[in-house]
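All chains are named by letter (A, B, ...) in the order of the sequence lines, taking the proteins before the strands, and each is independently numbered beginning at 1.
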There are 2 protein chains.
Amino acid sequence: MKYHIGLDVGGMSVKGGIIDVKGTLYAKKVIETEALNRTDEFIGDMAELILDLVKIAKVKKEDVRSVGLGIPGTVNGKEGIVTYACNIGFRNVPLAEILSKKTGIPVYLSNDANCAALGEVQYGSGKGYRDAIMVTLGTGVGSGIILDGAIYEGRLGAGAEAGHMTIRAGGEICGCGRRGCFEAYSSASALIRDTKRAIEENPDSEMKTVAERDGKVSGKTAFEAYKQGDAAAKRLIEGYVENLGIGLVNLVNLFRPEIILLGGGISNEGKYFTDMVERYVNENAYGGASNPYVVVRKAALGNDAGLFGAAALGLGK
Amino acid sequence: MKYHIGLDVGGMSVKGGIIDVKGTLYAKKVIETEALNRTDEFIGDMAELILDLVKIAKVKKEDVRSVGLGIPGTVNGKEGIVTYACNIGFRNVPLAEILSKKTGIPVYLSNDANCAALGEVQYGSGKGYRDAIMVTLGTGVGSGIILDGAIYEGRLGAGAEAGHMTIRAGGEICGCGRRGCFEAYSSASALIRDTKRAIEENPDSEMKTVAERDGKVSGKTAFEAYKQGDAAAKRLIEGYVENLGIGLVNLVNLFRPEIILLGGGISNEGKYFTDMVERYVNENAYGGASNPYVVVRKAALGNDAGLFGAAALGLGK
């Protein structure tokens, strides 16, 4: 049996898992470790985690074919270099080579959103599809692009940043400093911002009741009021779906994936929501019905998508 | 010596050329022929043109390694099928196979904008670059994407339609029926529309003088007044460069090409114009200076880019 290890790397913790080619999970471990200002120690902690996983899973190290890492930042996967990842304080670190020397196992890197997309295509909602785009609707909007079964990361790993596509020039301010980004309209944070505004403008809306009951406005507030038939929530959700759809149509017009996978908290709304998005995308994509249909589906692996995808980086290598 | 034939296919005429691998042109011929409602005859005319070029160039047919066609529509290059091309009335035509049987030479197809991009990368302004995007600013906005030296056409050839990326949702109406497309702001037609509006609003502008002298408003009107220091023209051109830049930044954030090539009438403004665009793109692309620099340059081959690129489809095959 051959095994693959995947690490989902964050600034405060690293989650690791060991799987076989079918995606069976043999061991999983999370370590708390600080990355900033202690790069060497942080890399040492990751090497230890890798070797720990081998032990916990009780497999032979020579049967572990690869280690894959999902990195929160810009990665040159071809060269195995973390170009720039501010959350872990890495700049031009040849991490694949360093970790490979420390562990004796070949190491592959990619961006964490790319890994999540690969994980879904290998083991989740995108199974069986070769061309897929995964968009994660969380604090920001993450995107991973799979072309013909492999991660597409742009030249030198500096592409695939769909969240910062301008869809409404001059519009809402984005975390990146520019205005009108896809992320500034489609993230959970954007929906919460817009829900607060809508409550302000429509004090009689059900959204206010829901928010008061929950003690806060969340990404679910407007959806719940929408399902209750609230008019202001309907306008808000339809606008949200339109903005999300506009960004996705832009991606469809460029890549024409077979399937779009939606992840992050908002995607938990489930099928009625992904159906609304799927309708918008297919009605508005260039060429209409004369071009191939695009499926929109909720991602399946949740927070483990990145781990599975990282492990899958070494498949077939 | 090995030769490659390229055909640039239009609804009313087909332009053909025969080149060697270095791009030396041995013969060129344009035929007037109607495509609509006479598909078989049209294909026959193309076959005749191909065999004519072999004769005119006085080369042996067995030394002609390939014929490439640039098609105005959606093409599945892998299968050699014209999926949908309304200008020539083709829908699901296995053109590569048909023409190959008629001529005895292997035939390859791609979209015409993709061919133009490949032509520039092989023989024009993009020579030496492996990752390039060409954007043609004409009546519409055409786009061709070259990744690692090869045309990227999206799955089943139904991608790479950058002109219909939304950059200002709800904005100007586009020929495709939607609003706010890149094309609706960056085409020569869009600039002419905006120049007319600006003249209306600023009757004292130099733009009016230029237009009256020329007897019409063209894509050059505002640029000429801008160079004369006209304030309204300055606002207009800066806005045009911003909109063009926004669309290009979207593409950079996804693909991170080494170079962007601008074609079409507007690109004739030359270096001061491409420099303005280059500055905007690099100041606004995601990751700023920590990501690789993107060069913006005027395309070199003009109306022959498509022909050279079509011929280049068969290189290395």
A.B. asks: Go through the structure and list residues passing ring pair (Phe, Tyr, Trp, His ring centres under 6.0 Å) with Tyr286(B), not counting sequence neighbours.
C.D. replies: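 Ring pair (Phe, Tyr, Trp, His ring centres under 6.0 Å) list for Tyr286(B), sorted by chain: His164(A).
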A.B. asks: With rounding to the nearest 0.5 Å, note down the distance linking CG in Asn291(A) to CD in Glu161(B).
C.D. replies: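 Between Asn291(A) CG and Glu161(B) CD, I get 8.0 Å after rounding to 0.5 Å.
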A.B. asks: In Å and rounded to the nearest 0.5 Å, what is the SG to CG distance from Cys176(A) to Asn253(B)?
C.D. replies: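 Rounded to the nearest 0.5 Å, the SG-CG separation comes out at 8.0 Å.
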A.B. asks: Given heavy-atom pairs under 4.5 angstrom as the criterion, report whether the side chain, backbone, both or neither of Arg168(A) touches chain B.
C.D. replies: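 Both parts, backbone and side chain.
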A.B. asks: Output the residues of residues 77-98 of chain B for which the shortest heavy-atom distance to chain A is under 4.5 Å, in residue-number order; output 'none' if no such residue exists.
C.D. replies: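 Within residues 77-98 of chain B, the residues that come under 4.5 Å of chain A (heavy atoms only) are Tyr84(B), Arg91(B).
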A.B. asks: Name the member of Asp148(A), Asn243(A), Leu147(A) that forms the most heavy-atom pairs with chain B at distances under 4.5 Å.
C.D. replies: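 Going by pairs under 4.5 Å, I would pick Leu147(A).
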A.B. asks: Please classify the contact of Tyr185(A) with chain B as side chain, backbone, both or neither, using a heavy-atom distance under 4.5 Å.
C.D. replies: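 Neither part, no heavy atoms under 4.5 Å.
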A.B. asks: Which residue out of Gly171(B), Ala160(B), Gly177(B), Gly157(B) racks up the most heavy-atom pairs below 4.5 Å with chain A?
C.D. replies: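 Among Gly171(B), Ala160(B), Gly177(B), Gly157(B), the one with the most close pairs to chain A is Ala160(B).
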A.B. asks: So, the side chain of Asn250(B) versus the backbone of Thr166(A): is there a donor-acceptor pair under 3.5 Å, distance only?
C.D. replies: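 At least one qualifying donor-acceptor pair exists.
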A.B. asks: Of all the heavy-atom pairs spanning Tyr152(B) and Leu254(A), show the shortest one and how long it is.
C.D. replies: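 Heavy atoms of Tyr152(B) and Leu254(A) come nearest at CE2-O, 3.5 Å.
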A.B. asks: Under a 4.5 Å cut-off applied to non-hydrogen side-chain atoms, are Arg256(B) and Leu156(A) in contact?
C.D. replies: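 No - every pair of side-chain heavy atoms lies 4.5 Å or more apart.
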A.B. asks: Can you tell which of Arg155(A), Glu153(A), Glu242(A) has the highest number of heavy-atom pairs within less than 4.5 Å of chain B?
C.D. replies: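 The option with the most such pairs is Arg155(A).
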A.B. asks: List the atom of Ile246(A), the atom of Ala169(B), and the distance in Å for their closest heavy-atom pair.
C.D. replies: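 Result for this residue pair: CD1-CB, 3.6 Å.
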A.B. asks: Please state whether the side chain, the backbone, both or neither of Ile167(A) comes within less than 4.5 Å of a heavy atom of chain B.
C.D. replies: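 Both parts, heavy atoms under 4.5 Å.
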A.B. asks: Could you tell me which of Asn284(B), Val249(B), Asp131(B) has the largest number of non-hydrogen atom pairs under 4.5 Å with chain A?
C.D. replies: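 Of Asn284(B), Val249(B), Asp131(B), Asn284(B) has the most heavy-atom pairs under 4.5 Å with chain A.
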